[in-house]
Amino acid sequence: MDVAVDLASPTPPYEQIRAQMAAVIDSGQLDAGTRLPTIRALAADLGVATGTVARAYRELETAGLVASRRRLGTVVTGPSTPATASVDVRQAATELATRARRAGMSEETTISLLRAALVAVRA
């Protein structure tokens, strides 16, 4: 699992971690029962505080994507969306990324546009 944190991003580090891990889990790249790295190990790898990773893990647990168990650590419980919906959304995301690259948009601008669209849909 490849997670990265951009400390220059306006998005808080815990949210970057949460979003990336949720995407990997929802895409089916991690099976239910897969153990995630320990909070300390992931924090050390990413160069962030353990509290940052702990918050991301709590948010994932609240969303039902992972479960924290004593002695077992944090394990994947499964995707939050049906596999077919995940495939459709992944294809749409790929199309968005392709169009944004062709238009010369930065990654951050593209993500900002997607966030704005998600907020608009919520309303």
Side-chain angles (χ1 to χ4, degrees):
M1 176 176 48
D2 191 25
V3 176
V5 173
D6 178 4
L7 298 176
S9 171
T11 304
Y14 82 89
E15 176 57 22
Q16 293 178 48
I17 296 166
R18 186 212 59 79
Q20 291 174 57
M21 294 183 106
V24 169
I25 293 167
D26 280 340
S27 72
Q29 294 176 33
L30 291 178
D31 295 326
T34 301
R35 287 179 58 177
L36 296 181
T38 65
I39 290 171
R40 285 185 183 160
L42 186 57
D45 287 348
L46 297 175
V48 298
T50 56
T52 300
V53 176
R55 181 166 180 189
Y57 277 19
R58 277 193 311 273
E59 301 261 341
L60 291 167
E61 189 166 21
T62 300
L65 297 173
V66 302
S68 295
R69 300 184 182 126
R70 289 191 185 269
R71 299 184 188 249
L72 291 177
T74 304
V75 296
V76 174
T77 56
S80 63
T81 58
T84 55
S86 180
V87 169
D88 289 345
V89 172
R90 193 172 342 130
Q91 288 173 345
T94 301
E95 178 65 22
L96 172 62
T98 302
R99 287 181 181 197
R101 286 282 185 232
R102 273 193 240 130
M105 286 185 180
S106 70
E107 183 176 321
E108 195 57 46
T109 299
T110 304
I111 291 170
S112 294
L113 288 171
L114 179 57
R115 279 196 189 101
L118 289 168
V119 168
V121 169
R122 238 187 282 160

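What you see is a predicted model, and the numbers here were worked out from it, not measured in a lab.
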| Can you name the nearest heavy-atom pair linking Ile17 to Ala56, along with the distance? | CG2-CB, 3.7 Å
| query | Just wondering, do Pro13 and Leu7 contact through their side chains at under 4.5 Å, heavy atoms? | reply | yes
| Any donor and acceptor pair, going by atom type alone, linking the side chain of Arg35 with main-chain N or O of Gly73 inside 3.5 Å? | no
| Short side-chain donor-acceptor distance under 3.5 Å, Thr109 and Ser106 | yes
| field | For Arg18, the option from Gln16, Glu15, Gln20 that meets side-chain hydrogen bond (donor to acceptor under 3.5 Å, both in side chains) | value | Glu15
| said: Same cluster or not: Leu36 versus Val3, using hydrophobic residues (I, L, V, M, F, W, Y) connected whenever any side-chain heavy atoms lie under 4.5 Å apart? | reply: yes
| request: In sequence, state the C-alpha distance, the side-chain angles, and the governing distance for Thr74 and Arg69, and then conclude on side chain to side chain donor-acceptor pair (under 3.5 Å). | output: CA-CA 6 Å; Thr74 304; Arg69 300 184 182 126; over 6 Å; no
| query | Is any side-chain heavy atom of Val48 closer than 4.5 Å to a side-chain heavy atom of Tyr14? | reply | no
| message | Using the rule that Ile, Leu, Val, Met, Phe, Trp and Tyr join whenever any side-chain heavy atoms are under 4.5 Å apart, tell me whether Leu118 and Leu96 fall into a single cluster. | response | yes
| Can you tell me how far CD of Glu59 sits from CZ of Arg55, rounded to the nearest 0.5 angstrom? | 5.5 Å
| task | Specify the closest pair of heavy atoms between Leu42 and Tyr57, including all atoms of both residues, with the distance to one decimal. | result | CD2-OH, 3.7 Å
| task | List the steps, then state whether side-chain contact (heavy atoms from CB on, under 4.5 Å) holds for Val66 with Val75. | result | CA-CA 5 Å; Val66 302; Val75 296; over 6 Å; no
| said: Please check: side-chain N/O of Thr77 versus main-chain N/O of Leu65, any donor-acceptor pairing under 3.5 Å? | reply: yes
| query | Of all heavy-atom pairs between Gly78 and Ile25, which one has the smallest distance, and what is that distance? | reply | O-CG2, 3.5 Å
| request: Taking Thr62 for its side chain and Arg58 for its backbone only, find out whether a donor-acceptor pair lies under 3.5 Å. | output: yes
| query | How close do Ser9 and Glu108 get, heavy atom to heavy atom, and via which atoms? | reply | OG-OE1, 3.7 Å
| task | Find the distance between OG (Ser68) and CD1 (Ile39) and round it off to the nearest 0.5 Å. | result | 6.5 Å
| query | Does the side-chain contact (heavy atoms from CB on, under 4.5 Å) test come out yes or no for Asp31 and Thr34, once each step is laid out? | reply | CA-CA 6 Å; Asp31 295 326; Thr34 301; 4.0 Å; yes
